[in-house]
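Contents: one structure, followed by commentary.
Order of the sequence lines fixes the chain letters, A, B, ..., with proteins taken first and strands second; residue numbering starts at 1 for each chain. Values reported hereafter were calculated over all heavy atoms of this structure, with side chains retained and with hydrogens, waters and symmetry mates removed.
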There are 2 protein chains.
Amino acid sequence: MQRLLGQAGISSKWFNMEHIDYCKGAIVFRQAQPCEYVYQVIAGAVRAQKLLPDGRRQIAGFHLVGDIFGLETVATHRFEAVAIVQTTLRLMSRRALDDRVVSEPTAFRALLGVITKSLIHAENHMLLLGCQDSDERVATFLMEMHSRSTSGRVTHLPMSRRDIADYLGLTLETVSRAMAKFRRDGLLKFVDAQRRAVILDRQALAAMADEARLAS
Amino acid sequence: MQRLLGQAGISSKWFNMEHIDYCKGAIVFRQAQPCEYVYQVIAGAVRAQKLLPDGRRQIAGFHLVGDIFGLETVATHRFEAVAIVQTTLRLMSRRALDDRVVSEPTAFRALLGVITKSLIHAENHMLLLGCQDSDERVATFLMEMHSRSTSGRVTHLPMSRRDIADYLGLTLETVSRAMAKFRRDGLLKFVDAQRRAVILDRQALAAMADEARLAS
DNA sequence: CGAAGACTTGATGCAGATCAAAATCCGTGG
DNA sequence: CCACGGATTTTGATCTGCATCAAGTCTTCG
């Protein structure tokens, strides 16, 4: 824990922190709501989503164990954050963080790092949404989850097929079909029904995803 | 000019700046190239793009007069920047800017502001690429250009149909058809062939675009 | 004026959406 | 422990919006 906070240049001793549990589906904060806290995932997973009036939804990303989110440089949240499964979050007062960023160069660097990471992710995701076909999108997603949430040989996918679809700009049926195909082709297998995967051919999936690798 | 720099909290007196002209199609910098300068558009327009090995392309955004770009918090550029038309840029040394950001809180705020703006744009563009249909995308694009590059009643579209298409994740034919439809429906008309438009029904286009307005 | 590039318009094809149904998973309570 | 019921996922059939292919027209500029 201390290590995770340390990575972001944030030490717990300066803040009045508390842990809060959210059950599956609980809303951590809503769009346009004022940012009062910054959050770190202690256990579980959270999705960051934008909603359209007619029900369409875009998921901008998933926050997994260790991730810090809800840190905005504007006054209000631009996404809604929802717990995907039973989740424990550590809350930090945004005001306290603001004060430190002003006074401490290290904290400033950390803030810049967090925002830059979001920006790079968003830029790469634009490429996926604008250019890649469905198999490439799902392969990219699997590689992302593989690098972020693998314990042992098992890659954990805590979110539903619908969540994955809304993240990738596809339908849940298309996601399911792509995964079925990867399974048939021996690139992937599942343990524990559909939320725990083992990547069998990392090379092949990476190649498909890195069709999205930069040229020249 | 001074006013534009001022908006970003950057004053010209601290830097050794120079103006450079780029002809249409000239590359300002390439992907993965080290960031040596920060740029401001004095005249013309620039596109920021990522390329895939097979020729697919995603344009992340357009830089118009007054915009600052090329400012990274990492060592290398993540996009290629290309002049869309004859363009004049003002260059600022990245090193000088870095030094100031460390020593001056105001410059720091300015940096944060520039990056936050990019992030918000990227997040909104993900919604467009992930959820919107072709008419909505083109309407959103027209509203964006309307608010960013209108002089008098004329909205200037310096980029080609292909550029617009690669920005919106469509083909140039689809963009052309959407615009033709808007023209037939009296929402839009063109002066000067196809690069200068007049928005006739701002309400209707905004309504179509703001299908992408946040719910709840 | 001529040629190359840019744009429009039309015809056709297809990847992925939509519709539909069956299979599987999982929590709950007997 | 097992049976039940709702939710989730898979799989199949069909449809459609946009891509692709293909002319033809306009624009720009040497």
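To the nearest angstrom, P of C:dG16 lies 12 Å from CG of A:L128. Computed from coordinates, the B:R137 CZ to D:dA19 C1' distance equals 13 Å when rounded to whole Å. Atom CG in A:L168 sits about 19 Å away from atom P in C:dA15, given to the nearest Å. Between B:D135 atom CG and D:dC18 atom P there is a gap of 7 Å when expressed in whole angstrom units. Whole-Å rounding puts the B:R162 CZ to C:dA6 P distance at 9 Å. Taking atom NZ of residue B:K24 and atom P of nucleotide D:dC29, one finds them 7 Å apart after rounding to whole Å. Following rounding to the nearest Å, B:D133 (CG) and C:dA17 (C1') show an atom-to-atom distance of 13 Å. We find that NZ of B:K181 is positioned 16 Å from P of C:dT8, with the value rounded to whole Å.
Rounding to the nearest 0.5 Å gives a distance of 12.5 Å between CG of A:L205 and CZ of A:F141. One finds the CZ atom of A:F62 at 9.0 Å from the CZ atom of A:R148 (value rounded to the nearest 0.5 Å). Atom CE of A:M179 and atom CG of A:L187 lie 12.0 Å apart (nearest 0.5 Å).
In this structure, A:K181 and A:V138 have side chains that are not in contact, with every pair of non-hydrogen atoms separated by 4.5 Å or more. Side-chain atoms of A:M145 and A:L64, non-hydrogen and from C-beta on, do get closer than 4.5 Å to each other.
Contact between the side-chain N/O atoms of A:R161 and the OP1/OP2 oxygens of D:dT10 is found at a separation under 4.0 Å. At least one side-chain nitrogen or oxygen of A:T171 sits closer than 4.0 Å to the OP1 or OP2 atom of C:dA17. OP1 or OP2 of C:dA17 sits under 4.0 Å from a side-chain N or O of A:T174. Taking 4.0 angstrom as the limit, A:S134 places a side-chain polar atom (N or O) nearer than this to OP1 or OP2 of C:dG16.
Scanning for side chain to side chain contact (heavy atoms under 4.5 Å, CB included) contacts around A:E72 gives A:C35, A:V74, A:H77, A:R78, with sequence neighbours left out.
Salt bridge absent: A:R177 and A:E173 never bring a charged side-chain N and a carboxylate O closer than 4.0 Å. The pair B:D166-B:R161 fails the salt-bridge criterion, with no side-chain N (NZ, NE, NH1 or NH2) lying under 4.0 Å from an Asp/Glu carboxylate O. A:R57 has no carboxylate O lying under 4.0 Å from a charged side-chain N of A:E80, or vice versa, which leaves the two without a salt bridge.
Taking the side chain of B:L172 as heavy atoms from C-beta on, and the options C:dC19, D:dT9, C:dT8, the nearest nucleotide is C:dT8.
In the helix from C:dC1-D:dG30 to C:dG30-D:dC1, the end axes, each obtained as the rotation axis mapping the C1' atoms of four pairs onto the next four within a five-pair block, lie 40° apart to the nearest 10 degrees.
Sorted by residue number, the members of residues 182-200 of chain A with any non-hydrogen atom under 4.0 Å from DNA chain D read A:R183, A:Q194, A:R195.
The base of D:dG12 lies close enough to the side chain of A:R177 for a donor and an acceptor atom to sit less than 3.5 Å apart.
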